[in-house]
Amino acid sequence: MGALIFLIPAALFLGLLGLAAFVWALKKGQFEDLDGAAMRILLDDPKRDPGEDETDP
Amino acid sequence: MTAPDDLVPAAPAIDTPPDQEPYPVPFVIELPGGLRRLHLMVENIHCAACIRRIETALLAMSGVTHARVNMSTRRLVCEWRDTETSASAIIERVEALGFPAAPFDSGRTEQTGAGEERRLLMALAVAGFAAGNVMLLSVSVWAGHAGGMGDATRTLFHWISALIALPAVAYAGQPFFRSAASALRSGALNMDVPISLAVLLAAAMSLYQTIEGGEHAYFDASVTLLFFLLVGRYLDHRARAKARSAAEQLLGLAAVTAQVIDADGRQRPVAVSTLRPGMIVAVAAGERIPVDGDVIEGISDVDTSLVTGESLPCPVTAGTKVFAGTLNLSQPVQVSVRAAGEGTLLAEIVRLMEAAEQGRARYVRIADRIARLYAPTVHILAASTFLGWWLVVGAAWDQSLMAAVAVLIITCPCAIGLAVPVVQVVASGRLMQHGVLLKSPDGLERLAQVDTVVLDKTGTLTTGRLSLVNENHMDSGDLALAAAIATRSTHPVSKALVEAAGGLALPSPESVSEVPGQGLCAVLNGEDIRLGRRQWCGVADRPESGSGTELTGTEIWMTRPGRPARRFVFADTLRPDALAAIEDLRGLGLRPILLSGDRADVVADVARQLGISDFQAEVLPDEKVARLQALADEGRRVLMVGDGLNDAPALATGFASMSPAAAADVSKTAADMIFQGQNLAPVPASIRTARFADRLVRQNFAMAFLYNSIAVPLAVAGLATPLIAAVAMSSSSLIVTLNALRLRLLAWKAG
């Protein structure tokens with residue numbers, strides 16, 4: 001039973017990690033253009049201003 | 001369906017006189033630091049190269065700081081410094097690359113579609129996380145129940161579950177709570193009322209049990225319930241959003257800009273909505289005419305098929321009346337505006353269509369019809385369980401309430417919430433694979449019930465394009481020569497000629513020039529050759545007799561010195577599989593009817609070829625609507641298949657409707673489904689898919705009811721435990737999903 005003391009928090013922590021990763025991806029707009037990424041991999045990197053955000057604002 | 005007017009990018013809302021408000025300005029968003037942003041819908045984006053061409057071209061413009069194409073939505077966001085460039089320069093640049101672009105109001109789209117989808121995804125993520133973790137703890141409790149877990153450990157587990165489940169329910173349940181609250185406020189019951197009640201009561205009762213140290217905690221049931229229902233809700237929302245964006249795309253790209261010629265002869269782009277009678281508009285070759293008006297300068301051919309259903313282009317010169325929505329084919333013309341916006345024939349047709357759509361909006365989806373019966377039944381059942389246990393059996397109030405909550409959880413329409421969306425997603429995915437775009441969310445349900453199919457001729461049964469019909473009667477050298485001259489022209493007849501000469505080696509004539517509205521002249525080996533209208537080529541009436549003269553259709557002539565004139569006859573041919581598709585439709589028990597705006601002899605000929613006995617020619621748009629209504633009054637459920645602008649009101653009137661992808665924008669908006677390609681086979685195949693999907697939905701509901709009829713008596717009797725509830729709910733959801741996947745096994749074509 002002593003194992004529960006760290007196993008339950010560990011399980012919750014991993015779950016929260018997954019949730020946080022998903023929320024981050026959603027907020028960064030990763031799900032907004034699902035087809036574009038597959039196409040863009042074929043392109044050379046265009047010249048960009050340094051520090052420009054990757055996502056649509 | 002939404003009325004098309006709502007979908008046109010917001011009309012300039014700013015209250016300034018039209019001539020001071022250059023077109024794209026109302027859509028431009030002002031950012032701090034002198035930056036401006038514009039969202040554009042862009043057509044024809046297919047591949048990586050398209051993205052690259054647009055983005056690099058824009059970023060190369062001075063002042064443009066950001067340009068990014070969204071491939072999924074076919075949209076472009078562009079930002080620039082106000083001092084260095086302008087919105088119209090950016091639109092012109094994109095259009096010059098060959099990508100028609102239309103600005104749209106990004107605020108509206110985000111408020112309605114994207115924001116809601118994001119909220120649902122967040123709720124889904126939270127519910128998924130909570131369901132996974134609470135289930136983990138619950139499984140331990142159930143295992144511990146057999147393995148002798150102590151009461152203290154169980155209560156600890158319940159407390160941890162409560163800590164996860166309660167915030168999750170409060171957050172992820174909001175879509176249902178909101179919908180239930182608004183239904184109750186308007187005095188109605190929907191499916192979300194029992195869902196909200198079950199989730200909230202289950203959470204509250206479980207908390208009470210946990211505080212008391214009891215064993216009946218339903219945290220797992222309430223969060224998994226939310227999770228499954230959110231999956232269904234999300235799928236449903238995606239289907240709707242897809243339909244809406246398809247419609248927006250179609251209408252956004254209709255003529256919304258026009259080139260006005262000012263008194264000083266300068267051209268500037270303005271919004272069509274700001275045009276007034278008397279203004280002069282320039283229409284380039286290949287553009288749609290934005291207004292009703294009279295041609296005042298230029299000679300060209302206009303494709304009027306959208307308005308009249310006629311497949312041949314009409315020649316226009318100064319003085320000819322033209323209509324909004326028709327396509328200017330060969331040469332630029334100037335048009336004096338007679339009516340714009342609401343006054344056009346196009347707007348009249350749209351009004352007819354909207355009136356028809358209001359009738360269709362009365363259709364109630366299967367799921368909603370079931371909800372109307374289901375929700376009150378569940379509430380009465382739960383209430384009587386509570387009263388039965390409390391008053392009749394004489395149990396304690398909390399035990400009675402527990403039994404009532406168990407009834408609510410068990411009956412909660414988890415499988416029912418999934419029954420329709422899952423089938424819908426599988427079916428629309430399958431249709432999409434075969435080039436059929438499902439536009440209205442309930443279109444599939446309606447399509448499954450049709451028993452009559454009304455078809456338009458031009459562009460629907462036929463390809464809508466001309467092809468050479470007297471090829472067998474002529475010398476291939478003549479054909480090659482004519483085709484060689486025709487390659488220099490974009491007229492549909494020229495294109496058909498080039499296509500007909502497909503494999504032939506073409507000579508290379510010199511100095512080909514086009515005489516607008518008449519034909520082409522060229523020089524080959526010192527001989528003057530003319531290819532064009534009969535009178536212009538100097539050919540007398542019917543000079544040639546012999547093979548092929550009995551053929552009718554559009555004709556052009558070719559004359560060379562010292563040789564007999566050659567006649568080329570073109571006609572709009574049937575789609576390659578039209579006959580097979582009509583047979584297939586008959587096999588499905590549908591009665592085909594042909595209604596066309598074209599001439600009687602042409603329509604009769606097509607009807608005879610396809611064996612359709614019920615046909616009508618020279619039908620006007622409102623007559624089509626009247627005929628459809630008459631059929632509906634006879635109790636028939638009519639599928640309307642058509643493509644022209646003249647079909648749009650009929651498409652909206654039909655019980656269900658389909659359009660080919662080459663159809664007019666308005667027609668595509670009115671139709672429930674759009675099919676791509678040269679074949680008519682998608683029509684019967686979609687009906688087959690819809691019928692199978694309908695059967696699956698009914699099976700799914702039947703299974704959900706069967707499961708209820710077993711589980712509910714247990715719950716009423718107070719025998720349902722949290723374990724039974726969780727198992728029953730998950731398994732019924734799985735069965736419903738697996739059943740929907742059977743749709744993938746159905747053969748697409750007949751036989």
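Chain letters run A, B, ... following the sequence lines, proteins first and then strands; every chain starts at 1. Computed from a predicted structure; not experimentally measured.
A:L19 touches chain B through its side chain: at least one heavy atom from C-beta onward sits under 4.5 Å away, while N, CA, C and O do not. Looking at B:L136, the atoms closer than 4.5 Å to chain A (heavy atoms on both sides) all sit in the side chain, from C-beta outward. Of the atoms belonging to B:L121, heavy atoms from both backbone and side chain fall under 4.5 Å from chain A. A:I8 touches chain B through its side chain: at least one heavy atom from C-beta onward sits under 4.5 Å away, while N, CA, C and O do not.
Between B:T65 and the choices B:L59, B:L31, B:L35, B:L58, the side chain to side chain contact (heavy atoms under 4.5 Å, CB included) rule is met once, by B:L35. For the side chain to side chain contact (heavy atoms under 4.5 Å, CB included) with B:I164, the lone residue among B:V223, B:L137, B:V169 that qualifies is B:L137.
A distance of 9.5 Å separates OG1 of B:T224 from CG of B:L229, quoted to the nearest 0.5 Å. Residue B:S161 holds its OG atom at 10.5 Å from CE of B:M135, rounded to the nearest 0.5 Å.
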